[in-house]
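The structure appears below as structure tokens.
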Amino acid sequence: MKIAQVIGLLSLFLLLFSISMRTIAIAQDTGAKGWELEYSAEVAAEKLLKSVVLVETRFDKPRNDDKYLPWAYFRGGRPLKGLYGSGFVYKDPRYVITNYFILDNAEYIRVVTWDGKAYPAKLKAKSEPFRIAVLEVDWGPNADVVPVKLASPDDLAVGEPISITGRSETGRDYVSTVGVISAIRKQIPTVEVPTEEFIQFDAAFSLPMTGAPLVNVRGEVVGMVSGTVTEFGGSNINLAVPVGDLEMIADRIIAGKTETPWSGMEGMVLTPQIRMLNKIPERISQGLFVTYVEPGSPADISGLKPADVILSLDDTTITQVFDYNAFMRRVEVGQVIHIKYWRFVPGVSDNPSATGGDIFETVMQIVPAPEEGEEGSSSSSSGSYHHH
């Protein structure tokens, strides 16, 4: 081979090597576009190997409830003795995060780690509106587990590549699938009490991956698999709880803040009919129309009444029911909220030239929700926790 040919082949090799290294660098670059899906998913799966666990439960008695049909189908249609799913080790390795549904009717819980070892766990608490449960695990001195790294909630973006890492139902197989964040949804059909935002994603997952983490190209957790709902059009929508909700609720549960915040107020969106019947002027263009105030509740003590229109809570402008629900889901017991609201004032509200005089302010302190069966327990609340 001539020297010129050797030099040419060597130059081509160096060029290809340079391109290959640049591609890998792009895949690892936190701000890069156009990354390599397979490579990044492999990196994410490797980073979470010792963080992802199988969660298994045993019921207090065998059950064949309709809500367990998908699990029963894969177990031969027999009454179930328990459920299974995935979870991941949280910031404090004593705790594992998983989907609240997995813990339904659980009398016994265990987690299985990447090396096949099983450890008993107990339910610290769970929040049904946020689909989150926290398990406490006594790993002993020799467990080889690693807490996950959490992504910043502010970095979530539609079209962002993600992968799911979870366990098979036996716990022996480590499973990973890939996709993208296809939407960040505020309202989902058939989901009655959504968190502020659901992550909608297109990566495939199986039942044992319920509760598994969604991770970005850096192996940071961006959400947790919640499940699949069927929209009115018949299409299936995969949903995940976003990392901001995961962190907020998990930290509250771990801190022992499991009381349900309660305002004692219910409301609905402003409609033309409500405007007409309650003489709400056009200058009040948006807000939450108060339909009910529980006697003796924080809303009642603050002076709010049915037919008031909530305009803002602290610095949050209320444009629809979703804004109110999203705000109230994040309040804590004891928190004081500043409220701006409209109330009908004869001679002012019905005067087309009036510009004010019917806008008021008050404060409301959030208290724990009454226990089931107590007076006021039927009123709306901002969240729900259940703990053992």
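Start at 1 with the first residue, then count along the sequence.
- In terms of hydrophobic clustering, with Ile, Leu, Val, Met, Phe, Trp and Tyr side chains grouped at heavy-atom distances under 4.5 Å, Phe130 and Leu150 are assigned to a common cluster.
- Residues Val55 and Gly87 share a closest heavy-atom pair of CG2-N, 4.0 Å.
- With hydrogens and angles ignored, the 3.5 Å screen pairs a side-chain donor or acceptor of Asp323 with a backbone N or O of Thr319.
- The hydrophobic cluster containing Trp262 does not contain Ile301, counting ILVMFWY residues as joined when their side-chain heavy atoms lie under 4.5 angstrom apart, directly or transitively.
- Counted by atom type alone, Tyr341 and Ser302 present zero donor-acceptor pairs between their side chains at under 3.5 Å.
- For the pair Arg343 and Asp358, the salt-bridge criterion is not met [side-chain N within less than 4.0 Å of a carboxylate O].
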Check your understanding: Do Met224 and Val241 pass the side chain to side chain contact (heavy atoms under 4.5 Å, CB included) test, and can you show the C-alpha distance, the side-chain angles, and the key distance before you say yes or no?
Key -> CA-CA 5 Å; Met224 178 195 70; Val241 181; 4.1 Å; yes

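- More than 12 heavy atoms of other shown residues, nucleotides or ligands fall within 6.0 angstrom of atom CG in Asp60.
- The side chain to side chain contact (heavy atoms under 4.5 Å, CB included) with Ile164 is formed by just one residue from the set Val52, Val178, Leu214; it is Leu214.
- Here the CG atom belonging to Leu246 is positioned 7.0 Å from the CD1 atom belonging to Ile97, to the nearest 0.5 angstrom.
- Put simply, the side chain of Ile274 reaches to within 4.5 Å of the side chain of Met268, judged on heavy atoms.
- The main-chain N or O of Leu270 is never found under 3.5 Å from a side-chain atom of Arg275 such that the two would form a donor-acceptor pair.
- Using cut-offs of 30° and 60° for the angle between ring planes, the Phe344 and Trp342 rings count as perpendicular.
- Looking at heavy atoms from C-beta onward, Val112 lies in side-chain contact with Arg110 at the 4.5 angstrom threshold.
- Of the charged side-chain nitrogens involved, none lies within less than 4.0 Å of a carboxylate oxygen, so that Asp350 and Lys279 do not count as a salt-bridged pair.
- There is a side-chain donor-acceptor pair under 3.5 Å between Ser353 and Asn351.
- Between Phe59 and Leu83 the shortest side-chain heavy-atom distance falls below 4.5 Å.
- In this structure the side chain of Gln335 never reaches within 4.5 angstrom of the side chain of Gln365, judged on heavy atoms.
- With hydrogens and angles disregarded, a donor-acceptor distance shorter than 3.5 Å links the side chain of Arg131 to the backbone of Glu128.
- When side chains are defined from C-beta on, Val363 does not count as touching Ile339, because their heavy atoms never get closer than 4.5 Å.
- Residues Phe88 and Thr165 fail the side-chain proximity criterion, which asks for heavy atoms closer than 4.5 Å.
- Under 4.0 Å is where a charged nitrogen must lie from a carboxylate oxygen, and between Lys126 and Asp104 at least one such pair does.
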Practice item. Take Thr316 and Asp314 through the test side chain to side chain donor-acceptor pair (under 3.5 Å) and record every step on the way to the result. Key: CA-CA 6 Å; Thr316 300; Asp314 287 344; over 6 Å; no

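- The minimum heavy-atom distance between Asn216 and Glu160, with the atom names listed, is CB-OE2, 3.4 Å.
- Going from atom CZ of Arg58 over to atom NZ of Lys81 covers 8.0 Å, rounded to the nearest 0.5 Å.
- Formation of a donor-acceptor pair under 3.5 Å by the Ser51 side chain with backbone atoms of Val146 is found in this model.
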Distance-only donor-acceptor pairs under 3.5 Å for side chains of residues 284-291, two or more places apart:
| from | atom 1 | to | atom 2 | distance (Å) |
| --- | --- | --- | --- | --- |
| Thr291 | OG1 | Glu266 | O | 3.3 |

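- Between atom CZ of residue Phe101 and atom OG1 of residue Thr57 there is a gap of 10.0 Å, rounded to the nearest 0.5 Å.
- Taking NZ from Lys340 and CG from Asp315, the interatomic distance works out to 10.0 Å, rounded to the nearest 0.5 Å.
- Ser86 places a side-chain N or O within 3.5 Å of a backbone atom of Pro208 that can act as its donor or acceptor partner.
- Between Ile181 and Gln200, the closest side-chain pair of non-hydrogen atoms is not below 4.5 Å.
- Within the structure, the side-chain hydrogen bond (donor to acceptor under 3.5 Å, both in side chains) test picks out the following pairs touching residues 88-103 (sequence neighbours left out): Tyr90-Asp251, Lys91-Glu247, Lys91-Asp251, Asp92-Arg94.
- When side chains are defined from C-beta on, Glu361 does not count as touching His338, because their heavy atoms never get closer than 4.5 Å.
- To the nearest 0.5 Å, atoms CD1 (Ile253) and CG (Leu135) are separated by 10.0 Å.
- Rounded to the nearest 0.5 angstrom, Glu294 CD and Met265 CE are separated by 13.0 Å.
- Between the side chains of Ser182 and Asp202, no donor-acceptor pair of N or O atoms lies under 3.5 Å.
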